[in-house]
2 protein chains.
Amino acid sequence: MPLAKRKKSAKKELIIKKASAMFREKGYPATSMRDLAEEIGLEAASLYNHIQSKSEMLQEIIFRTADECLQHLESLDEEDTNCVAKIESLIRFHVRMMLNRFDDYYVMTNEWIHLKEPHLSHFTGKRRYYVQKMESIIEAGLGNKTTNPGMSYTAMLTILAAVRGLEFWHRSAKKIAPGTMEDNMVALLISGLTDDKVFPSLKK
Amino acid sequence: MPLAKRKKSAKKELIIKKASAMFREKGYPATSMRDLAEEIGLEAASLYNHIQSKSEMLQEIIFRTADECLQHLESLDEEDTNCVAKIESLIRFHVRMMLNRFDDYYVMTNEWIHLKEPHLSHFTGKRRYYVQKMESIIEAGLGNKTTNPGMSYTAMLTILAAVRGLEFWHRSAKKIAPGTMEDNMVALLISGLTDDKVFPSLKK
DNA sequence: CCTACCGATCGGTAGG
DNA sequence: CCTACCGATCGGTAGG
């Protein structure tokens with residue numbers, strides 16, 4: 001790729017990165033292209049030399065991040081570890097995404113409603129696929145004779161929600177170290193799934 | 001109160017209820033007063049005979065709901081049940097708020113960022129008070145010799161986040177009944193807190 | 001990459 | 001409760 005094109009592409013990445021931070025901070029509809037341009041040091045009109053539109057940026061942020069999650073899920077399939085280990089891997093992956101890729105992950109989980117069709121359906125379709133697969137991994141971990149109906153669904157929702165809730169920890173003074181937080185989440189959520197009082201049939 | 005005033009106040013409540021539903025569905029900044037007016041069957045200008053401004057509606061929705069949560073927390077103090085029962089009561093209260101008062105609860109937890117000062121600080125102050133009190137209840141439930149640092153904080157975050165995550169269940173086909181969902185959440189989150197492998201010192 | 005500008009839409013007001 | 005309208009701001013384009 002010629003130098004000029006590589007530079008332009010690098011600038012596009014910078015713009016999208018700043019956009020992700022602002023979408024996270026103020027929400028997509030409340031972020032104006034003029035705010036974004038100022039943050040970067042351009043006039044608003046100049047942004048359009050690098051990006052197509054505001055909505056295109058939202059799409060890029062969300063689908064890139066979603067595809068990373070899907071890729072991790074597929075890679076889990078190829079491992080031959082037991083199901084509890086797979087659930088732990090899922091928790092750790094999402095916690096790390098939330099910590100290391102805070103803006104992108106937050107925008108994906110909170111701003112996807114502002115996608116326009118057909119991208120909105122495209123996203124919800126991918127998400128439906130992801131959560132179903134995740135639920136089936138949890139279900140396999142619980143064994144055949146689960147006591148409560150819909151518990152694998154509840155657990156899947158709770159894990160994803162718990163990670164999303166780390167937003168408040170991220171915003172706060174952060175008295176707890178990232179590694180400790182990750183371990184705490186695993187302990188709390190896995191122990192709930194491996195507690196014999198709730199799930200007497202769990203295969204350890 | 002004279003009849004005319006009572007009627008006007010009832011219409012205000014109707015407007016705020018519709019506003020809550022729209023703020024939840026599309027987000028506060030993406031909801032226009034013209035959309036809201038159309039939903040109710042008025043011209044946009046006529047809304048201002050009943051409400052002061054768009055932001056005033058957001059404030060009313062959020063602070064009313066927040067005060068209900070605070071009131072429940074204070075009432076917990078007066079009970080002399082043990083700490084695990086208090087945690088269970090907290091979980092059940094929030095799950096029910098999420099189910100029965102979906103729009104208001106969702107707007108409070110997701111749209112508070114769009115409050116203007118001084119209301120924004122007012123809200124974050126109340127929330128800080130709430131979560132600290134909630135954390136101290138959980139900490140008391142864990143006993144003095146908790147194994148992991150910051151576990152009561154993690155548990156508090158996880159409980160609140162898990163309830164917020166019920167949004168996806170609410171949007172979905174709802175194969176699981178509300179009562180079952182509530183029981184599942186309690187089982188999953190409480191068992192995590194009462195698991196001797198994680199918390200050997202828990203006072204039951 | 002900027003100046004200049006477009007049509008559309010926003011929250012809200014005046015006046016009846 | 002409506003008509004008519006305000007200034008501000010939005011995403012985006014033309015033309016250089």
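First the proteins, then the strands, lettered A, B, ... as listed; each starts at 1. Quantities reported herein were computed from a predicted structural model and do not represent experimental measurements.
Residue A/Ser53 has no polar side-chain atom (N or O) positioned under 4.0 Å from OP1 or OP2 of D/dG11. Put simply, B/Lys11 has a side-chain N or O that comes within less than 4.0 Å of OP1 or OP2 on D/dC1. Taking side-chain N and O atoms only, A/Ser46 has a distance below 4.0 Å to OP1 or OP2 of C/dC2.
Separating the NZ atom of B/Lys54 from the P atom of C/dT9 is a distance of 15 Å, rounded to the nearest angstrom. Rounded to an integer number of Å, the gap from B/Leu36 CG to C/dG11 P is 10 Å. The separation between B/His50 atom NE2 and C/dT13 atom P is 16 Å, rounded to whole Å. For B/Glu56 and C/dG12, the CD to C1' distance is 13 Å, given to the nearest whole Å. Here the P atom of nucleotide D/dG11 and the CG atom of A/Asn49 are 17 Å apart, to the nearest Å. Taking atom OH on A/Tyr48 and atom C1' on D/dG12, their separation rounds to 5 Å, with Å as the unit. Counting to the nearest Å, the P atom of D/dC2 and the CD1 atom of B/Ile40 are 11 Å from each other. Distance NZ (B/Lys12) to C1' (D/dC1): 18 Å, rounded to an integer number of Å.
No engagement by B/Ser55 is indicated, since no non-hydrogen atom pair under 4.0 Å with the nucleic acid exists.
Out of D/dC10, C/dG12, C/dC1, the shortest distance to the side chain of B/Arg34 is found at C/dG12. Considering only side-chain atoms of B/Ala45, the nucleotide from C/dA14, D/dC10, C/dG11 that sits closest is C/dA14. In the set D/dC1, C/dC2, D/dG12, the nucleotide with an atom closest to the side chain of A/Glu43 is C/dC2. Listed candidates were C/dC10, D/dG11, D/dC2. Nearest to the side chain of B/Ser32 is C/dC10. Among C/dT13, D/dC1, C/dC2, the nucleotide with an atom closest to any side-chain atom of A/Leu42 is C/dC2.
When each of A/Ala44 and B/Gln52 is assigned the nucleotide of DNA chain C with its nearest heavy atom, A/Ala44 is the one assigned upstream, toward the 5' end.
At least one donor-acceptor pair under 3.5 Å links the side chain of A/Lys54 to the backbone N or O of A/Tyr28. Checked by atom type and distance alone, the side chain of A/Asp103 never pairs as donor or acceptor with a backbone atom of A/Glu25 at under 3.5 Å. In terms of modelled atom types and a separation under 3.5 Å, the side chain of B/Asn110 and the main chain of B/Tyr106 share a donor-acceptor contact.
A 3.5 Å limit on both hydrogen-bonding distances identifies D/dC2 as the Watson-Crick or G-U partner of C/dG15.
Residues B/Ala85 and B/Asn82 share a closest heavy-atom pair of N-OD1, 2.9 Å.
When the shell of 6.0 Å around CD of B/Glu56 is examined, it contains more than 12 heavy atoms from other residues, nucleotides or ligands.
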